[in-house]
Amino acid sequence: MSDFAKRLIAWQKQHGRHGLPWQNTSDAYAIYVSEIMLQQSQVSTVIGYYQKFMQRFPTLASLAQASQDEVLQYWSGLGYYSRARNLHKTAQRIATDYAGIFPDDFTVMQSLPGIGRSTAAAIASFAFGQVQTILDGNVKRVLARHFMVSGWTGSKKVEQQLWQLAESLLPQQGMVAYTQGLMDLGATVCTRSQPKCAACPMQGSCAALQANCVYTLPTPKPKKTIPQKQTTMLVLRHGEQIMLEKRPSSGIWGGLWSFPETDAADDLETLVQTRFGLSASSQAPLATISHAFSHYKLSIHVQPMHVTQVPSQVSEPQYSWLSVEEANAAGIPTPVRKILQLLLAEAQTKKSA
DNA sequence: AATGCGTGGCG
DNA sequence: TCGCCAAGCAT
């Protein structure tokens with residue numbers, strides 16, 4: 001066993017994390033759900049979502065049988081919603097193609113929607129004790145420092161080096177502690193800022209520490225200017241109800257419920273009449289909400305409209321008239337939730353006036 | 001292979 | 001306030 005692995009395993013057992021909700025189980029499904037939620041999301045954010053999700057969907061079968069709408073309700077606010085859609089799709093595929101048993105084959109796992117090499121390795125090692133390496137942001141940072149690998153770790157070339165390094169370090173025994181240790185070390189010791197090198201089990205062999213360049217590694221991602229976009233969300237109100245529409249299954253907020261959008265500011269009445277067959281009149285703009293994505297910034301102008309007449313016999317499935325409370329319980333993106341809060345606050349103000 | 005895909009916390 | 005990025009994957 002490599003010295004690296006030996007020290008890491010010993011360190012993990014004594015100083016690593018052991019009480020996270022998805023630890024101390026060998027249920028592949030429970031581990032799988034956690035790994036998907038933890039893709040690009042931090043542990044502290046995931047914990048609450050994970051507990052509610054597992055309470056509602058405790059088994060693979062229960063998830064497979066649920067509607068996509070309900071799965072997205074439980075994912076609402078967590079972001080990267082393709083993870084939820086793929087989670088649901090994979091549960092259904094395992095139910096039909098693999099007799100409901102989570103596959104233990106590393107290659108088969110990677111053929112399932114939403115499971116890539118690193119996630120497959122995490123499941124394979126945690127659930128089945130297999131010798132496969134993960135390579136997430138934590139591991140990239142640990143390896144880039146320990147072996148002084150320069151260059152942005154997201155580039156194909158550097159990433160390939162890191163995969164090879166990670167593989168070369170694998171132990172043949174103790175994979176659960178080893179895999180957890182890789183992540184724990186990056187998350188609690190070899191952190192991006194203010195790493196605790198004095199407490200690191202690898203301080204004797206870390207090349208970056210010896211060369212005094214821990215702070216320059218890993219090489220930061222090349223910057224790009226992110227575009228600023230605008231949209232207007234139409235809050236169509238009829239009595240106590242508002243209208244949401246289901247977004248297309250691909251693209252931003254895919255499959256979630258949201259307010260209808262337009263980029264045209266003028267003649268909203270005609271637009272609403274044409275697009276939805278609704279007679280409505282614009283009210284005073286409610287607010288402008290700033291929302292930052294990873295790849296662009298969005299200013300959302302919130303435009304309430306008073307609907308005087310709703311067609312009696314429309315009920316197309318992509319539209320839904322809901323109370324604010326009902327909307328708040330649906331699979332909605334974060335800015336929509338913020339707008340619903342504004343509407344509730346407005347109603348409260350009116351009540352007390 | 002570079003880009004699209006969310007959100008929240010932190011310095 | 002703002003840039004950075006977190007248990008990545010799909011295309």
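Letters A, B, ... mirror the listed sequences (proteins, then strands); counts begin at 1.
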| query | Going only through I, L, V, M, F, W and Y residues with side-chain contacts under 4.5 Å, is there a path from Leu143(A) to Val158(A)? | reply |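 Result: yes, single cluster for both.
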Nearest to the side chain of [X], heavy atoms from C-beta on, is which of [options]?
{"X": "His295(A)", "options": "dC5(B), dT7(B), dG8(C)", "result": "dC5(B)"}
{"X": "Ser294(A)", "options": "dA7(C), dG6(B), dA6(C)", "result": "dG6(B)"}
{"X": "Glu35(A)", "options": "dT7(B), dA7(C), dC9(C)", "result": "dA7(C)"}
{"X": "Asn86(A)", "options": "dG8(C), dG6(B), dA10(C)", "result": "dA10(C)"}
{"X": "Pro333(A)", "options": "dA7(C), dC9(C), dT7(B)", "result": "dT7(B)"}

Would you find a donor on one side and an acceptor on the other, under 3.5 Å apart, between the side chain of Arg145(A) and the backbone of Cys206(A)?
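No; zero donor-acceptor contacts below 3.5 Å.
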Categorize [X] for me: base, sugar-phosphate, or nothing, with a 4.0 angstrom heavy-atom threshold over every strand shown.
{"X": "Leu78(A)", "result": "base"}
{"X": "Ser118(A)", "result": "sugar-phosphate"}
{"X": "Ile31(A)", "result": "nothing"}
{"X": "Gly251(A)", "result": "sugar-phosphate"}
{"X": "Pro335(A)", "result": "sugar-phosphate"}

query = Taking for each residue the nucleotide of DNA chain B with the nearest heavy atom, is it Lys156(A) or Ile252(A) whose nucleotide lies nearer the 5' end?
reply =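 Result of the comparison: Lys156(A).
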query: Are a donor atom and an acceptor atom from the side chains of Arg141(A) and Asn138(A) found within less than 3.5 Å of each other?
result: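 Present: a donor and an acceptor within the cut-off.
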Using only heavy-atom distances, determine whether the side chains of Gln230(A) and His301(A) contain a donor-acceptor pair under 3.5 Å.
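On atom types as modelled, these side chains qualify, holding a pair under 3.5 Å.
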Listed in order of residue number, which residues of residues 179-201 of chain A have a non-hydrogen atom at under 4.0 Å from DNA chain C?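 The stretch gives Gln180(A), Met183(A), Arg192(A) as the residues lying under 4.0 Å from the strand, ordered by number.
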For Gln228(A), I'd like to know if atom CD has over 12 heavy atoms of other residues, nucleotides or ligands within 6.0 Å.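 Yes, the 6.0 Å shell around CD holds more than 12 heavy atoms from other groups.
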Could you tell me how far dA7(C) sits from dG11(B) if I compare only their P atoms? Round to whole Å.
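Taking atom P in both dG11(B) and dA7(C), they lie 15 Å apart.
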**Asked** dA1(B) and dC9(C): how far apart are their C1' atoms, nearest whole angstrom?
**Response**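 The answer is 14 Å between these two C1' atoms.
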**Asked** Under 3.5 Å, is there an N or O donor on one side and an acceptor on the other linking the side chain of Thr334(A) and the base of dG8(B)?
**Response**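 Not at all, since no donor on one side and acceptor on the other fall under 3.5 Å apart.
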| request: Please state whether the base of dA7(C) and the side chain of Arg17(A) form at least one donor-acceptor pair under 3.5 Å? | output: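 Donor-acceptor pair under 3.5 Å: yes.
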Measure the distance from [atom1] on [X] to [atom2] on [N] and round it to the nearest whole Å.
{"X": "Phe293(A)", "N": "dA6(C)", "atom1": "CZ", "atom2": "C1'", "value": "18 Å"}
{"X": "Lys89(A)", "N": "dC9(C)", "atom1": "NZ", "atom2": "P", "value": "16 Å"}
{"X": "Tyr49(A)", "N": "dA7(C)", "atom1": "OH", "atom2": "C1'", "value": "17 Å"}
{"X": "His291(A)", "N": "dC2(C)", "atom1": "NE2", "atom2": "P", "value": "16 Å"}
{"X": "Gln42(A)", "N": "dG11(B)", "atom1": "CD", "atom2": "C1'", "value": "13 Å"}
{"X": "Ile226(A)", "N": "dC2(C)", "atom1": "CD1", "atom2": "C1'", "value": "10 Å"}
{"X": "Leu162(A)", "N": "dG8(C)", "atom1": "CG", "atom2": "P", "value": "14 Å"}
{"X": "Trp22(A)", "N": "dA7(C)", "atom1": "CH2", "atom2": "C1'", "value": "9 Å"}

So, is [X] close to the [N] phosphate, meaning a side-chain N or O under 4.0 Å from OP1 or OP2?
{"X": "Trp152(A)", "N": "dA2(B)", "answer": "no"}
{"X": "Lys297(A)", "N": "dG3(C)", "answer": "yes"}
{"X": "Lys224(A)", "N": "dT3(B)", "answer": "yes"}
{"X": "Lys221(A)", "N": "dC4(C)", "answer": "no"}
{"X": "Arg85(A)", "N": "dA10(C)", "answer": "no"}
{"X": "Tyr81(A)", "N": "dT7(B)", "answer": "yes"}

Can you say whether the rings of [X] and [Y] are parallel (under 30°), tilted (30 to 60°) or perpendicular (over 60°)?
{"X": "Phe102(A)", "Y": "Tyr32(A)", "answer": "tilted"}
{"X": "Trp253(A)", "Y": "Phe293(A)", "answer": "tilted"}
{"X": "Phe276(A)", "Y": "Tyr319(A)", "answer": "perpendicular"}

task: Compute both the distance and the angle, then confirm whether Arg247(A) meets the cation-pi test with Trp257(A): under 6.0 Å from the six-membered ring centre, within 45 degrees of the axis.
output: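 No.
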